[in-house]
Amino acid sequence: MNDRFPERDEEWMEKQKERRVKFVEWLEDFKSKWGQEPRAMETITECENIIKACDDKIASVFAPLAIKQARNARR
């Protein structure tokens, strides 16, 4: 997080959320087309692990960012 440019933190968070949504949509489409194929399971598992890591990263940044936004809103 950058204290000098708090709007950049917010932009980063929004971009990450948008990227996650697009990735989940792609994965769901992939699952619907190839989910029954044994060869696709490795890709599906890898993608699900990436989504979990993304969620963990966003969650670890979200709380401090929300606190910082609330502090800035009071000023």
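Numbering of residues begins at 1 and proceeds along the displayed sequence. Values below: all heavy atoms of this structure, side chains included; hydrogens, waters and symmetry mates excluded.
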Flag side-chain contact, heavy atom, 4.5 Å: [X] against [Y]:
X: Cys47; Y: Trp26; value: yes
X: Phe23; Y: Arg19; value: no
X: Lys15; Y: Arg20; value: no

Could you give the distance from [atom1] ([X]) to [atom2] ([Y]), rounded to the nearest 0.5 Å?
X: Ile44; Y: Phe30; atom1: CD1; atom2: CZ; result: 5.5 Å
X: Asn49; Y: Cys54; atom1: CG; atom2: SG; result: 12.5 Å
X: Gln36; Y: Met41; atom1: CD; atom2: CE; result: 9.0 Å
X: Asp56; Y: Ile51; atom1: CG; atom2: CD1; result: 12.0 Å

Between Val24 and Ile58, is there shared hydrophobic-cluster membership here, with clusters defined by ILVMFWY side-chain heavy atoms closer than 4.5 Å?
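They do not share one cluster, since no chain of ILVMFWY contacts under 4.5 Å joins Val24 to Ile58.
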Can you list the steps and then say if Lys31 with Glu48 is a salt bridge (charged side-chain N to carboxylate O under 4.0 Å, His left out)?
CA-CA 11 Å; Lys31 282 181 182 180; Glu48 288 173 343; 2.8 Å; yes
Among Glu14, Gln16, Glu10, find the one that has a side chain to side chain contact (heavy atoms under 4.5 Å, CB included) with Trp12.
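The residue from Glu14, Gln16, Glu10 that satisfies side chain to side chain contact (heavy atoms under 4.5 Å, CB included) with Trp12 turns out to be Gln16.
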